[in-house]
Amino acid sequence: MTQITWTISELAREFSVTPRTIRFYEDQGIVSPGRQGRNRVYSTRDRTRLKLALRGRRLGLQLAEILSLINMYDETGASSTAQLRHYAQVLETHRIKLEQQRQDLEVTLREIRQQEAECQALLRERALDAASARS
């Protein structure tokens, strides 16, 4: 049976990332390619771990959270129910954090709009005062 492998260029193209990104995940211990001569060769396990890491990044998870989730899938004896519960908890925590950030942004944007309106009103008032002074 032949094992399917990928080069760094193939994975970079498939996932629309740079080879440097893949090397970063290699430095973080997420992927561990073998070597064929001077080339890095990535296994199915590496490809899956890279895919999960990139998905976690798109969701905005921290690298430590991503690594924890990925390593959990590598552990032998861990039940899929326990894995799903853990993943659901990480997602819920992250969602709550993002919702709070969105609320904070909405408050800040309201304040900015209010300050802009006050600034525009003052500018109009000063323009009227300057026009009155010229007349």
Side-chain angles (χ1 to χ4, degrees):
M1 181 168 124
T2 332
Q3 182 176 355
I4 298 174
T5 59
W6 293 265
T7 65
I8 194 168
S9 299
E10 290 169 335
L11 288 178
R13 203 170 22 258
E14 178 181 352
F15 294 113
S16 300
V17 296
T18 64
R20 183 176 179 171
T21 298
I22 296 172
R23 286 191 297 272
F24 168 78
Y25 287 117
E26 184 180 336
D27 291 342
Q28 300 305 311
I30 291 174
V31 295
S32 304
R35 293 275 182 177
Q36 281 183 348
R38 293 174 32 144
N39 297 325
R40 289 174 167 86
V41 180
Y42 296 86
S43 67
T44 302
R45 177 182 180 271
D46 291 320
R47 183 182 173 279
T48 301
R49 289 172 65 89
L50 178 61
K51 183 177 181 178
L52 292 171
L54 294 171
R55 181 181 297 154
R57 271 307 219 205
R58 275 193 310 277
L59 292 174
L61 299 177
Q62 297 294 317
L63 189 58
E65 292 171 311
I66 292 168
L67 197 51
S68 168
L69 288 168
I70 290 172
N71 287 337
M72 182 178 58
Y73 283 97
D74 279 348
E75 293 175 4
T76 56
S79 79
S80 60
T81 301
Q83 292 169 343
L84 286 172
R85 281 190 185 121
H86 179 66
Y87 185 47
Q89 180 61 48
V90 168
L91 289 174
E92 179 185 17
T93 300
H94 190 60
R95 179 184 48 77
I96 290 168
K97 177 181 159 189
L98 289 174
E99 287 173 349
Q100 182 61 53
Q101 288 175 348
R102 180 175 56 192
Q103 289 173 1
D104 294 345
L105 281 171
E106 288 171 357
V107 167
T108 301
L109 287 169
R110 275 194 302 273
E111 188 172 323
I112 287 172
R113 283 191 289 274
Q114 178 185 353
Q115 291 295 312
E116 284 176 325
E118 289 177 18
C119 184
Q120 292 301 324
L122 286 171
L123 287 170
R124 282 190 300 276
E125 182 181 310
R126 289 184 182 182
L128 288 173
D129 289 345
S132 295
R134 284 189 295 240
S135 324

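These numbers come from the heavy atoms of this one structure, side chains and all, not from hydrogens, waters or symmetry mates.
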Do Tyr42 and Leu50 touch side chain to side chain, with heavy atoms closer than 4.5 Å?
no

How long is the gap from CZ on Arg134 to CG on Asp129, to the nearest 0.5 Å?
11.0 Å

Any chain of hydrophobic side-chain contacts (each under 4.5 Å) joining Phe15 to Ile70?
yes

Less than 4.5 Å apart, side chain to side chain, heavy atoms only: is that true for Arg23 and Arg40?
yes

Side chains of Asp46 and Ser43 only: does a donor on one sit below 3.5 Å from an acceptor on the other?
yes

Spacing of Thr93 atom OG1 and Leu98 atom CG [to the nearest 0.5 Å]:
11.0 Å

Rounded to the nearest 0.5 Å, how far does CD1 of Ile4 lie from CZ of Arg47?
9.0 Å

Is there a donor-acceptor contact under 3.5 Å from the side chain of Arg49 to the main chain of Val31?
no

Taking everything shown except Glu111 itself, do over 12 heavy atoms lie less than 6.0 Å from its CD?
no

Taking the side chain as every heavy atom from C-beta outward, state whether Phe24 and Leu63 have any pair of such atoms under 4.5 Å apart.
yes

Start with the C-alpha gap between Val107 and Arg110, add the side-chain angles, then the distance that decides, and say whether side-chain contact (heavy atoms from CB on, under 4.5 Å) holds.
CA-CA 5 Å; Val107 167; Arg110 275 194 302 273; 3.3 Å; yes

Point-to-point distance, once rounded to the nearest 0.5 Å, from CD of Glu26 to CD of Gln28
11.0 Å

Would you find more than 12 non-hydrogen atoms of other residues, nucleotides or ligands less than 6.0 Å from Arg85 atom CZ?
no

Side chains of Leu91 and Leu59: closer than 4.5 Å at any heavy-atom pair?
yes

Kindly check if the number of other-residue, nucleotide or ligand heavy atoms within 6.0 Å of CZ (Arg113) is above 12?
yes

Close side-chain approach of Asn39 and Thr7, heavy atoms under 4.5 Å
no

Taking the side chain as every heavy atom from C-beta outward, state whether Lys97 and Gln100 have any pair of such atoms under 4.5 Å apart.
no

Under 6.0 Å from the CD atom of Gln115, do we count more than 12 heavy atoms belonging to anything else shown?
yes

Less than 4.5 Å apart, side chain to side chain, heavy atoms only: is that true for Ile30 and Leu67?
yes

Calculate, to the nearest 0.5 Å, the distance between atoms CD and CD belonging to Glu125 and Glu118 respectively.
12.0 Å

Mind checking the CG-CE spacing from Leu84 to Met72? Nearest 0.5 Å is all I need.
8.0 Å

Side-chain heavy atoms of Ile8 within contact of Arg20, under 4.5 Å
no

Residues Glu99, Gln103; criterion side chain to side chain donor-acceptor pair (under 3.5 Å); working and verdict:
CA-CA 6 Å; Glu99 287 173 349; Gln103 289 173 1; over 6 Å; no

Glu116 versus Gln120, side-chain donor and acceptor atoms under 3.5 Å
no

Looking at Ala64, is its backbone amide N or carbonyl O close enough to the side chain of Ser68 to form a donor-acceptor pair, meaning the two atoms are under 3.5 Å apart?
no

